[in-house]
Amino acid sequence: MPSEFELIRRYFVRAGHDAPGPARGASAIGDDCAILAAPTGLALAVTTDTLAEGTHFLPGTDPRRLGHKSLAVNLSDLAAMGADPRWFLLAITLPEADESWLGAFAAGMFALADAHRIELVGGDTTRGPRTITITAIGTLPPGYALRRDAAVAGEDLWLSGATGEAALGLAHLRGAVKLPAADAAQCVLRLEAPEPRVALGRKLRGIAAAAIDVSDGLLADVGHIAEQSKVGAEVDYEALPQGAALAACSDRKLADECLLGGGDDYELAFTAPAAKRGEVAAAGRATGVAVTRIGRIVAGAPEVRVLKGGKPLAPQRRGFDHFR
Ligand code: ADP
Ligand code: MG
């Protein structure tokens with residue numbers, strides 16, 4: 001049985017990635033703290049997210065995808081602020097030292113890390129119920145963060161990609177719906193291997209006003225912008241993009257619940273003045289991510305209304321809350 005230190009050395013310390021130096025901007029893994037080279041003139045964006053087995057992922061989830069997702073959910077928070085990813089820490093708790101599981105987990109995590117040029121600089125390894133906590137650190141010019149409290153009445157409301165397929169994939173895995181095989185594969189991929197919209201978030205710096213990443217459900221997360229900005233929001237149901245698998249789902253009630261309140265989408269919802277429509281579209285084209293105008297910010301109570309055929313839909317179940 002390998003020791004804790006042997007596991008860290010084998011799976012989390014990488015040759016060539018662990019040399020301290022200006023490119024890495026951090027000390028090698030192995031001391032009591034990581035020492036980071038504070039970037040002059042930039043602000044730090046720091047975030048942490050936990051994935052716990054049974055709560056955030058099903059037992060038996062493919063470890064490669066879980067490694068990807070554990071980092072992806074944190075990169076998505078950096079994207080939502082418009083930050084450039086720099087460093088991350090990994091706290092991992094495992095029921096046993098399963099080396100094939102660890103190898104696959106690390107491969108999935110580092111493939112995404114390398115794609116976004118973010119470096120693992122330290123962490124913690126313990127035994128217990130399977131839980132992964134990543135803390136990610138990014139940088140951005142001071143004053144350029146995309147905040148939840150910056151939306152203004154009259155602005156457009158935008159969405160990257162499309163929502164709903166991750167939640168539909170989870171419904172399929174739980175047996176609540178039976179999707180055709182190709183649609184099931186697409187939805188489960190969206191659930192287990194989300195692509196954080198890092199490049200788009202960075203491009204939206206100086207263009208978007210408010211932004212949030214959609215993790216708890218579209219209406220819930222737009223609701224956070226509304227509450228923190230003290231404005232209302234209107235979402236045009238007909239404008240919402242739907243992926244092919246969601247559009248083909250025969251259970252329309254379930255499909256709409258996933259679309260509006262499903263969660264685990266890791267898309268960006270953001271606002272921008274109407275004068276910046278061209279710049280938003282260009283940011284989408286430059287980063288290869290579809291961006292769609294889905295509604296508007298309005299004056300008034302901090303509520304989100306969904307309009308279908310111009311008329312408000314009955315209030316929706318808005319999204320996921322761990323304590324409800
Ligand atoms: P300490 O006793 O100071 O908490 P640890 O024994 O937990 O230190 O960790 C030893 C070194 O290995 C530290 O530099 C720590 O950051 C690193 N480390 C531990 N677990 C991980 C991990 N899962 N990923 C990356 N680095 C890790
Ligand atoms: Mg110590």
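Remember, it's 1-based here, ligands and their atoms both numbered in the order they're listed.
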So for T125 against ligand 1, with non-hydrogen atoms under 4.0 Å, the contacting part is both
Note: P85 and R202 closest approach over all heavy atoms is CD-NH2, 4.0 Å
ask   = Can you tell if the side chain of P312 reaches within under 4.5 Å of the side chain of E234, non-hydrogen atoms only?
value = no
- Task: Find out whether E227 and E303 are in side-chain contact, i.e. whether some heavy atom of one side chain is under 4.5 Å from a heavy atom of the other.
- Result: no
Among F5, F12, Y11, closest by heavy atom to atom 6 (O) of ligand 1 is F5
With heavy atoms and a 4.0 Å threshold, my read on which part of L120 contacts ligand 1 is side chain
Note: ligand 1 atoms sitting under 4.0 Å from heavy atoms of I92 are 23 (N)
Counting from 1 in the order shown, the ligand 1 atoms closer than 4.0 Å to a non-hydrogen atom of D124 are 7 (O), 19 (C), 20 (N), 21 (C), 22 (C), 23 (N)
For N74 and D49 the tightest heavy-atom approach is OD1-N, 3.1 Å
Between S70 and F105 the two heavy atoms that sit nearest each other are OG-CE1, 3.8 Å
Looking only at N/O atoms, are V121 and ligand 1 under 3.5 Å apart anywhere? no
Would one find an N or O of G30, backbone or side chain, under 3.5 Å from an N or O of ligand 1? yes
When D236, T271, D156 are each screened for side chain to side chain donor-acceptor pair (under 3.5 Å) with R296, the one that passes is D236
What donor-acceptor contacts under 3.5 angstrom involve side-chain atoms of residues 165-184, with partners at least two apart or in another chain?
{"from": "E165", "atom 1": "OE1", "to": "Q186", "atom 2": "NE2", "distance (Å)": "2.8"}
{"from": "E165", "atom 1": "OE2", "to": "A245", "atom 2": "N", "distance (Å)": "3.1"}
{"from": "E165", "atom 1": "OE2", "to": "L246", "atom 2": "N", "distance (Å)": "3.2"}
{"from": "H172", "atom 1": "ND1", "to": "L179", "atom 2": "N", "distance (Å)": "3.1"}

Note: I8, heavy atoms under 4.0 Å from ligand 1, region reported as side chain
Among L90, D31, I134, closest by heavy atom to atom 22 (C) of ligand 1 is L90
